[in-house]
K.L.:
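One structure is given below, represented as structure tokens, and several questions about it will come after.
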There are 2 protein chains.
Amino acid sequence: MDLPPIVQAFVLHFGEMGSRWGINRTVGQIYALLYVSPDPLTADDMVARLGFSRSNVSMGLKELQSWNLVRLQHLPGDRRDYFSTPDDVWQIVRTLVEERKKREVDPTLSVLRELLMQTPASAEERHAQDRMREMHHLIELLCGWYDDVRRLETERLVQLLTLGAKVQKILEVKDRLFALPGGKGKDKAGKEG
Amino acid sequence: MDLPPIVQAFVLHFGEMGSRWGINRTVGQIYALLYVSPDPLTADDMVARLGFSRSNVSMGLKELQSWNLVRLQHLPGDRRDYFSTPDDVWQIVRTLVEERKKREVDPTLSVLRELLMQTPASAEERHAQDRMREMHHLIELLCGWYDDVRRLETERLVQLLTLGAKVQKILEVKDRLFALPGGKGKDKAGKEG
DNA sequence: ATGTATTTTCAGAAATTTCTGAAACCTGAG
DNA sequence: CTCAGGTTTCAGAAATTTCTGAAAATACAT
């Protein structure tokens, strides 16, 4: 591996991290390298710097492309493929989350939905369905939230995150302002977008 | 595998899902089974129902315990260990997130911090550090947010999630209410907890 | 077409991870 | 201490995943 020490440490760390997720070491390292590279790289650049076989790099890049995590571009007068990551880290995170949701959460939701449709044949199945229902409900809630915030511009999103739980405070103020002394006062903010 | 069809489908799905994460199939299946079981189970119950070897189940349970995802209890006059999941799904999710953060995010943050302390020896390293800084900043922001919301009671948390991006609307109202025509008007809600 | 530069595929080798049975290890009871 | 019921450990077998080199495909220029 032929990398300056700081880059090397970064690359190795993401290789390790990758393998804790479903991602394999190679793919993690390739992405880390791309992420810190000032310019787009060719597959052969990566071979030279990471020391994997050419075919391994090719497969890794294919994987990354299937995740929409790399940009592919061409330089005029050069037939080789040049790869890079988006400049904007937030874009990377958004893509990552989106793809993981697509691959992990959505299938789970559909399995749950399917199983919840079925008629339980025993007390055991009935209880199992109750549990699944709870899980389904929780996931739906999280997805709803995600679906909402992913549309925010990054600037707004950052604002929201920075605020953190202090939003609570503001909500309390709002509740106090708008509370109708007689009414339930609950789901106030619904339907106005 | 000796399970009613609905439970079996659920267990198998989580086995698959497990292997997409770092978690192995066995562990995923064990947890799924525990999750839908009306009563605590012994390791032998799991052997009987899932068909793994006793030692495999034992290792899986050890793994789950190291994640704090199972409760261990004893019945009077019975030496065997009985395992169960928390009753509250939210508690499970909280634990899951907490542990993953501990194992994946925190080490990454500390690697990043360490690498950012070092003096770059070249333009390449300088650029790499810039990228790492962006990543570090993003992760810190997310962690700060998480650190905030994880303290909320579940009811509050659900409220917040349900609201989703509509919070934005409320913030806009707040901004309008409190905006000082002359000032920057930015990070208003700071420091009041 | 032919030749060259490049990327992709794929069968099997290498490495890693998972799983098992047997043995070791606890812990409490007699 | 010894036994019985139970759990954990661990070395190696089995399965899976990753990685490679060689061959095939692609794409472009001449």
Side-chain angles (χ1 to χ4, degrees), chain A residues 1-2 11-12 14-34 40-67 69-84 103, chain B residues 1-2 11-12 14-34 40-67 69-84 103:
Chain A
M1 194 174 288
D2 174 29
V11 163
L12 289 177
F14 273 81
E16 287 314 310
M17 268 334 179
S19 47
R20 290 221 188 161
W21 291 54
I23 300 150
N24 80 41
R25 202 187 286 68
T26 315
V27 174
Q29 293 193 9
I30 291 177
Y31 203 72
L33 176 60
L34 278 179
L41 300 179
T42 65
D44 283 318
D45 292 337
M46 301 177 212
V47 168
R49 313 205 72 188
L50 298 173
F52 304 132
S53 73
R54 181 53 232 265
S55 50
N56 199 1
V57 169
S58 176
M59 282 169 140
L61 287 169
K62 212 179 100 188
E63 171 93 5
L64 286 171
Q65 280 176 287
S66 85
W67 281 78
L69 282 170
V70 289
R71 282 301 109 214
L72 169 58
Q73 55 192 291
H74 286 105
L75 263 49
D78 187 339
R79 284 214 237 141
R80 288 171 299 173
D81 294 342
Y82 281 81
F83 296 90
S84 58
R103 288 161 201 240
Chain B
M1 193 175 290
D2 175 27
V11 163
L12 290 177
F14 273 82
E16 287 313 309
M17 266 335 179
S19 46
R20 290 220 189 163
W21 290 54
I23 300 150
N24 80 40
R25 202 186 286 66
T26 316
V27 175
Q29 293 192 9
I30 292 177
Y31 204 73
L33 176 60
L34 277 178
L41 300 179
T42 66
D44 283 316
D45 292 337
M46 301 177 213
V47 168
R49 312 204 75 188
L50 299 174
F52 303 131
S53 74
R54 182 52 232 266
S55 49
N56 199 3
V57 169
S58 175
M59 282 168 138
L61 286 169
K62 212 179 98 189
E63 171 94 4
L64 286 171
Q65 280 176 287
S66 85
W67 281 77
L69 282 170
V70 289
R71 280 303 109 210
L72 169 58
Q73 56 193 287
H74 287 105
L75 264 49
D78 187 339
R79 282 215 238 140
R80 289 172 298 173
D81 293 342
Y82 282 81
F83 296 90
S84 58
R103 289 161 199 240

K.L.:
Please write out each protein N/O paired with an N/O of nucleotides 23-30 of chain C under 3.5 Å, distance rounded to 0.1 Å.
P.N.:
residue	atom	partner	partner atom	Å
C:dT27	O2	B:R79	NH1	3.4

K.L.:
In whole angstroms, how far is the P atom of D:dG5 from the CG atom of B:L75?
P.N.:
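My rounded result for the distance is 18 Å.
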K.L.:
Please report, rounded to the nearest Å, how far the C1' atom of D:dT17 is from the CG atom of B:N24.
P.N.:
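Nearest whole value for this atom pair: 14 Å.
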K.L.:
Nearest to the side chain of A:R80, heavy atoms from C-beta on, is which of C:dT18, C:dT6, D:dC19?
P.N.:
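Given the options C:dT18, C:dT6, D:dC19, the side chain of A:R80 is closest to C:dT6.
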K.L.:
For a quick test of reading the model, state the closest non-hydrogen atom pair linking A:M17 to B:R103 and the distance between them.
P.N.:
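For A:M17 versus B:R103, the nearest heavy atoms are CE-O, 3.6 Å.
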K.L.:
For A:F83, enumerate each residue passing the ring pair (Phe, Tyr, Trp, His ring centres under 6.0 Å) test, keeping only those at least two apart in sequence or located in another chain.
P.N.:
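Scan of A:F83 (ring pair (Phe, Tyr, Trp, His ring centres under 6.0 Å), adjacent residues dropped) gives none.
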K.L.:
Separation of A:L72 atom CG from C:dT8 atom P, in whole Å?
P.N.:
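Those two atoms, CG and P, are 9 Å apart.
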K.L.:
D:dT17 P sits how many Å from B:I23 CD1, rounded?
P.N.:
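Result: 15 Å.
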K.L.:
Which distance, rounded to the nearest 0.5 Å, do you find between the CZ of B:R25 and the CZ of B:R20?
P.N.:
12.0 Å
K.L.:
Pair up each side-chain donor or acceptor in residues 43-53 of chain A with any protein partner under 3.5 Å, not counting sequence neighbours, and list the distances.
P.N.:
residue	atom	partner	partner atom	Å
A:D45	OD1	A:T42	OG1	3.3
A:D45	OD2	A:T42	N	2.8
A:D45	OD2	A:T42	OG1	3.2
A:R49	NH1	B:E124	OE2	2.9
A:R49	NH2	B:E124	OE2	3.0
A:S53	OG	A:S55	OG	3.3
A:S53	OG	A:N56	N	3.1

K.L.:
What distance separates A:S84 OG from A:L41 CG, expressed to the nearest 0.5 Å?
P.N.:
8.5 Å
K.L.:
Between C:dT18 and B:N56, is there an OP1 or OP2 to side-chain N/O distance shorter than 4.0 Å?
P.N.:
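No.
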K.L.:
Using atom CG of A:L50 as one end and atom C1' of D:dT18 as the other, report the distance to the nearest whole Å.
P.N.:
15 Å
K.L.:
Taking atom C1' of C:dT6 as reference, at what distance in whole Å does atom CG of A:D78 sit?
P.N.:
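Going from A:D78 (CG) to C:dT6 (C1'), I get 10 Å.
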K.L.:
Output yes when a side-chain donor or acceptor of B:Y31 lies under 3.5 Å from a complementary backbone atom of B:G18, and no otherwise.
P.N.:
no
K.L.:
Below 3.5 Å is the cut-off: list the nitrogen or oxygen pairs between protein and nucleotides 8-14 of chain D, distance only.
P.N.:
residue	atom	partner	partner atom	Å
D:dT8	OP2	B:S58	OG	3.2
D:dT9	OP2	B:K62	NZ	3.1

K.L.:
Can you tell which of C:dT18, C:dT7, D:dT20 lies closest to the side chain of A:F52?
P.N.:
D:dT20
K.L.:
Whole angstrom is fine here: how far is it from CD in A:E63 over to P in C:dT8?
P.N.:
14 Å
K.L.:
For the residue pair B:Q73 and B:P40, what are the closest heavy atoms and their distance?
P.N.:
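Taking every non-hydrogen atom into account, NE2-CG, 3.6 Å.
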K.L.:
Do any side-chain atoms of residues 60-67 of chain A form donor-acceptor pairs under 3.5 angstrom with protein atoms, and if so which ones, sequence neighbours left out?
P.N.:
residue	atom	partner	partner atom	Å
A:E63	OE2	A:W67	NE1	3.3
A:S66	OG	A:E63	O	2.8

K.L.:
So, using salt bridge (charged side-chain N to carboxylate O under 4.0 Å, His left out) as the criterion, who are the partners of A:R80 when residues are at least two apart?
P.N.:
A:D78
K.L.:
To the nearest angstrom, how far is B:I30 atom CD1 from D:dT7 atom C1'?
P.N.:
14 Å
K.L.:
Could you work out which one of D:dG6, C:dT7, D:dC19 sits closest to the side chain of A:R25?
P.N.:
D:dC19
